[in-house]
Amino acid sequence: MLQNRRYPNRRVWKKSILILFVLTTSLSLTVSSQGFAVKPDETAWTTNVVAALASARADGKDLLLLYTGSDWCPPCMKLEEQVLSKAEFTTAAAENFVLVKFDFPQKTELSPELVAQNQHWSDRFGIDGFPTIVLIDKNEKPYAITGFKDEGPEVFVQLLNELVAARIKRDVAFEKARIAEGLERAKLLDEGLSALDANIVQVYYSDTLDEIDVLDPNDETGLRTKYFAQRDREMRQAVMSNIAMVARLRKPEEAIEFIDASIVDARLPLELWLIAHQTKLRLLRKLDRVEEANALIDIMATAVDAEPETRQRLINNKAYYLASLGRTDEALQVLEQQIRTQPANLLMTIAVGDLHDSLGQNEKAIAAYDRAIVVSAAQPESLLEVIQAKADVLVEMGKVDEALITLERITEDAGIPARLRAQGLMHKSLMLREAGRRRGAILAENRAVELLETTEEKVEIQKLIDQFHRKFDGAASDESPEDK
């Protein structure tokens, strides 16, 4: 009927056919001579996505969505010329897919309905470049996105087959997960997601990721780290920034409430959790809420039980805080109690010595430092710290020579790193200068410089020696009896 309306009589019809034949032959010669692409087989494609979805569900196929600019986009034209127009592609692709084209031409006018449909499906997948191909299953779930491949129809079909195989792996794992529970279900969901591109997963499978999060909140399988590391990192940064700002700008009471609320769901790693609680601790102390502050330290110390040094520093923090309030006896009790129950207690033992020293209880301080020396025998850095502390107490007691002998445990031990021996010699120099023994101090300083190996270290220690000279030279006589 349509042909009869357009061509009312046979003569006009024949004439039109003849003219069309001549034009087509001429055009085809021109196209062939200039190397232009033949138009793709439009019969393999549909522009009606509603009908395509119905067909896919009826036939158990997926959908291949092509986003193209058919009359202005060179890569789109090339893709059609080299792949989409080829029978090798359309025949093979049609076995697994219903082919849908969303065109965004610049010279051809589309119906308003088609323009609206194409734009809706473009917005749905965030298409921002042409050509783009999106593969979705019959339930409209995307599982792959690709673009122009300048490799011919066979290679492109092979790629599509690989992507379909990945979708099948996803479906098999998801089906197993359907009847599984707990961590096993989380692992099977991960198995399905792992078959897909990570970017596809992050954008289009948030519901599955959220389920994994619920199934494994404590990251026993490592899946939380796998899928949420970046998101968690950004969230934690935001939480910590907000805590710091609120602690600085709001009243302490309000800031404490904000910190408590922020920490509940933030899933902060231990180091950030400690920083947040340190901020809260500072606010509690500012409000003189002593017992709450000490209780918080106990909570923090329990949380880091597997990290002895951090735990010891927290207990020391509590002890020093009590001492600052005049509750030194209580502070010492806290330390001694912890020392009895903790096999690694070096820092707390040093703190006991420091507190006794601050109270002028020199003998008790030395006893504590002697215990610390035994514990730190295999830790040169800590050993130097303890020996220097003991030597200082001995000097306070007027036992300078005994203090110098104590320092020799570090300065004369060839097994101790040269840098630490040099530091011990400079401590010795300071004590000698304070005792008026300038000649002995200079010998210790020269020995310290000789021990150091790098120019940078020698320069730094020479700066310290120059400071000693400016402070002490002329202040004590070389004729001091102890120096003879």
Side-chain angles (χ1 to χ4, degrees), residues 37-57 59-106 108 110 114-115 117-171 193 195-205:
V38 237
K39 291 186 67 179
D41 178 10
E42 296 291 346
T43 60
W45 296 84
T46 180
T47 59
N48 187 332
V49 71
V50 174
L53 284 167
S55 175
R57 288 166 185 150
D59 299 336
K61 293 184 178 181
D62 295 340
L63 290 92
L64 185 154
L65 311 180
L66 168 67
Y67 296 84
T68 184
S70 62
D71 62 6
W72 61 270
C73 167
C76 301
M77 297 175 185
K78 195 170 183 180
L79 178 62
E80 290 207 349
E81 173 190 353
Q82 295 185 351
V83 177
L84 305 182
S85 64
K86 304 296 184 182
E88 303 96 305
F89 171 79
T90 53
T91 301
E95 293 181 5
N96 293 315
F97 298 98
V98 177
L99 307 180
V100 185
K101 179 180 293 186
F102 298 117
D103 197 4
F104 296 82
Q106 294 182 354
T108 305
L110 304 180
L114 194 55
V115 170
Q117 171 200 267
N118 293 359
Q119 190 59 54
H120 169 76
W121 279 82
S122 174
D123 294 341
R124 180 169 177 178
F125 297 115
I127 305 301
D128 58 3
F130 302 125
T132 295
I133 290 177
V134 179
L135 306 184
I136 65 175
D137 60 26
K138 61 185 178 182
N139 298 315
E140 304 181 31
K141 195 76 167 180
Y143 60 88
I145 297 178
T146 186
F148 175 63
K149 303 290 183 183
D150 190 8
E151 296 173 326
E154 295 83 0
V155 174
F156 208 92
V157 168
Q158 181 181 353
L159 170 64
L160 292 180
N161 289 338
E162 292 171 357
L163 295 175
V164 170
R167 191 266 298 158
I168 293 173
K169 288 182 180 179
R170 178 204 70 178
D171 293 348
L193 295 179
L196 309 179
D197 180 85
N199 293 321
I200 293 284
V201 171
Q202 288 292 337
V203 176
Y204 299 109
Y205 289 77

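In this chain, numbering begins with 1 at the start of the sequence shown.
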(message) Just verifying a value: how many Å separate Leu159 CG and Ile133 CD1, rounded to the nearest 0.5 Å?
(response) 8.5 Å
(message) Measuring only between side-chain heavy atoms, which start at C-beta, is Phe125 closer than 4.5 Å to Thr132?
(response) no
(request) Verify, without hydrogens or angle tests, whether Gln106 (side chain) and Gly69 (backbone) share a donor-acceptor contact under 3.5 angstrom. (result) no
(message) Test of understanding: with side chain to side chain contact (heavy atoms under 4.5 Å, CB included), list the residues that count as partners of Glu154, not counting sequence neighbours.
(response) Glu88
(message) Testing the basics here: between Asp62 and Ala56, what is the closest heavy-atom pair and its distance to 0.1 Å?
(response) O-CB, 4.4 Å
(request) Inspect the surroundings of CG in Asp128 and state if more than 12 heavy atoms from other residues, nucleotides or ligands are less than 6.0 Å away. (result) no
(request) Kindly give the heavy-atom pair with the smallest separation between Ala93 and Leu160, and that separation in Å. (result) CB-CD1, 4.4 Å
(request) If the plane angle is over 60° it's perpendicular, under 30° parallel, otherwise tilted; pick one for Phe104 and Tyr67. (result) parallel
(request) Would you check if Asp197 and Ile145 make a side-chain contact, meaning some heavy-atom pair closer than 4.5 Å? (result) no
(message) With rounding to the nearest 0.5 angstrom, report the NE2 to CZ distance, His120 to Arg124.
(response) 5.5 Å
(request) Give the minimum heavy-atom separation between Lys169 and Ala195, together with the two atoms involved. (result) CB-CB, 3.9 Å
(message) Using every non-hydrogen atom in the two residues, find where Cys76 and Thr68 come nearest and quote the distance to one decimal.
(response) CB-OG1, 3.1 Å
(request) Answer yes when Asp137 and Arg167 have at least one side-chain N-carboxylate O distance shorter than 4.0 Å, and no when they do not. (result) no
(request) State whether the side chain of Asn139 and the backbone N or O of Lys141 hold a donor-acceptor pair below 3.5 Å, judged by distance alone. (result) no
(request) Supply the atom-to-atom distance Thr47 OG1 to Leu110 CG, rounded to the nearest 0.5 angstrom. (result) 8.5 Å
(message) Looking at Glu80, is its backbone amide N or carbonyl O close enough to the side chain of Ser85 to form a donor-acceptor pair, meaning the two atoms are under 3.5 Å apart?
(response) yes
(message) Apply side-chain contact (heavy atoms from CB on, under 4.5 Å) to residues Val134 and Ile127 and explain how you reach the verdict.
(response) CA-CA 9 Å; Val134 179; Ile127 305 301; 4.0 Å; yes
(message) Using every non-hydrogen atom in the two residues, find where Val201 and Leu196 come nearest and quote the distance to one decimal.
(response) CG2-CB, 4.0 Å
(request) First locate atom CG of Leu65, then atom CZ of Phe97, and finally report the distance between them rounded to the nearest 0.5 Å. (result) 10.0 Å
(message) Evaluate Leu114 against Asp103 for side-chain contact (heavy atoms from CB on, under 4.5 Å), listing each step before the verdict.
(response) CA-CA 9 Å; Leu114 194 55; Asp103 197 4; over 6 Å; no
(message) Working to the nearest 0.5 angstrom, can you tell me the gap between Leu63 CG and Glu140 CD?
(response) 8.0 Å
(request) Fit a plane to each ring of Phe156 and Phe89, take the angle between them on a 0 to 90° scale, and name the class: parallel (under 30°), tilted (30 to 60°) or perpendicular (over 60°). (result) perpendicular
(message) Would the distance check show the side chain of Asp71 and the main-chain N or O of Thr108 forming a donor-acceptor pair, the cut-off being under 3.5 Å?
(response) yes
(message) Could you check whether any side-chain heavy atom of Leu64 comes within less than 4.5 Å of a side-chain heavy atom of Trp45, counting everything from C-beta outward?
(response) yes
(message) Distance check, rounded to the nearest 0.5 Å: Leu193 atom CG versus Arg170 atom CZ?
(response) 9.5 Å
(message) Please find the pair of heavy atoms, one from Cys73 and one from Phe130, that lie closest to each other, and give the distance.
(response) SG-O, 3.8 Å
(message) Taking Ala87's backbone N and O only, do any of them form a donor-acceptor pair with Thr91's side chain (distance below 3.5 Å, no angle check)?
(response) yes
(request) Return the orientation label for the Phe102 and Trp121 ring planes: parallel under 30°, perpendicular over 60°, tilted otherwise. (result) parallel
